[in-house]
Amino acid sequence: MSELSGKVQTVLGLVDPDQLGRTMTHEHLTMTFECCYFPPPPGDEEVAENPFQMQHMHWLRQNPYSCHENLLLQQETGAVRDELLAYRKAGGGTIVENTTTGIDRDLPTLKQLAKDTGVHVVAGAGYYVDSTHTEATKRMSVEKLTDIIISEVLHGADGTDIRCGVIGEIGTSWPITESETKVLRATAHAQTQLGCPVIIHPGRNPTAPAEIVRILQEAGGDISKTVMSHLDRTIFDDGELLEFAKLGSYLEYDLFGTEMLNYPYNLEVDMPSDSQRVKALAFLVKEGYDDKIVVAHDIHTKNRLTKYGGHGYSHILKNIVPKMLMRGISQNQVDKILIDNPKCWLTFK
Ligand SMILES: CC(=O)NCCS(=O)(=O)O
């Protein structure tokens, strides 16, 4: 039995799972999203150059990816520190920080933030989407990728001794690329050896989550210890959602706080409102999946920080939980979603 068994690995070391408390399973505290810059609508170029003014806040919420500066969350460590202190005050205990190779993971900053704020921070191992894979990464064998991921969990990542406590978010596009398929297989192999939690970023197609599960399963992955992220922008049909839920992964609604009319990465998608997200959670609870739901905000742009008039990391605790209770999700079920399910997922086998 490894020393990790029965524990959760944070950037400050191993902790007992009961210490985690309320947990957001998919956030970013420092990263860059420049890989996913999307040009502004014609005529809006000037706003995009000078976005952080009151009169532009609505534009920024609607076009968060069309402003270079908005994509540089790594410039906001001070604001994020204040946010984490507020998160603790609001009853938060833990944040899973999903930044992986390709979007500027910064483990020393995560460690410092955890020390300064008392929030448990669990860091992610592995690789983001194909467009961020280097040529060297693309040439690697599954075995080599597996070794790197395992080492990031057992010894530390990016030349530090700071260890990751989860594999992911592992990025995939749609269709899934060859390089992403190798990383998924390596993820499953590493998970088999480590007994660790895994979290996946699916491509923007309703069939993507099931296809990813198929690839992980074929490579021996443990789907019951895997979170499928971003379901709120991926599967919209209730029947398809239940079909996917049967496969046994955790079901993550992680874009709370995001309101956007035109989702630039897939104009077919109607991004739901928070009320619609709560409705989806209530539906899954009614169908018996309360042991499988996890939630988060997936903050990855500056405009979502309270410093810039955004909802911040405490939005779920302050605003969404009361709405969940109002929509028939019991306090016991809320506690499962915020405390028990993340704890169970994050604990090494
Ligand atoms: C950081 C990240 O991957 N966020 C997800 C953005 S998406 O638009 O839901 O894919």
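Both counts, for ligands and for their atoms, begin at 1 and track the order of listing.
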Seminar exercise, completed: for atom 7 (S) of ligand 1, nearest protein heavy atom and its distance come out as Y263 OH, 3.2 Å

Exercise. Against heavy atoms of H28, which atoms of ligand 1 measure under 4.0 Å?
Worked result: 1 (C)

Exercise. Do K349 and D222 meet the salt-bridge criterion of a basic N to acidic O distance under 4.0 Å?
Worked result: yes

Exercise. Are R214 and E218 close enough for a salt bridge, meaning some N to O gap below 4.0 Å?
Worked result: yes

Exercise. For ligand 1, which part of D298 has a heavy atom less than 4.0 Å away: the side chain, the backbone, both, or neither?
Worked result: side chain

Exercise. Hey, does Y265 come in under 3.5 Å of ligand 1, counting only N/O atoms on both sides?
Worked result: no

For this session: Can you spot which of K225, Q9, K7 makes a side-chain contact (heavy atoms from CB on, under 4.5 Å) with F348?
Result: Q9

For this session: With sequence neighbours left out, write down each residue that passes side-chain contact (heavy atoms from CB on, under 4.5 Å) with P108, or none if nothing qualifies.
Result: D106, T160, I162

For this session: Can you sort out the partners of F236 under side-chain contact (heavy atoms from CB on, under 4.5 Å), two or more places apart, ordered by chain and number?
Result: V269, P272

Exercise. Under a 4.0 Å heavy-atom limit, does L255 contact ligand 1 with its side chain, its backbone, both, or neither?
Worked result: side chain

For this session: For atom 3 (O) of ligand 1, grab the closest protein heavy atom and report residue, atom and distance to one decimal in Å.
Result: Y128 OH, 2.4 Å

Problem set entry | Donor-acceptor side-chain pairing of T301 and N303 below 3.5 angstrom | yes

Problem set entry | H201 neighbourhood, listing ligand 1 atoms whose heavy-atom distance to it stays under 4.0 Å | 3 (O), 5 (C), 10 (O)

Exercise. Within the structure, does R204 bring an N/O atom to less than 3.5 angstrom of an N/O atom in ligand 1?
Worked result: yes

Exercise. Which atoms of ligand 1 are found less than 4.0 Å from any heavy atom of H300?
Worked result: 1 (C), 4 (N), 6 (C)

For this session: Give the residue and atom name of whichever protein heavy atom lies nearest to atom 9 (O) of ligand 1, and the separation in Å to one decimal.
Result: R233 NE, 3.0 Å

For this session: In plain terms, say whether D274 and R277 are close enough for a salt bridge, that is, a side-chain N and a carboxylate O under 4.0 Å apart.
Result: yes

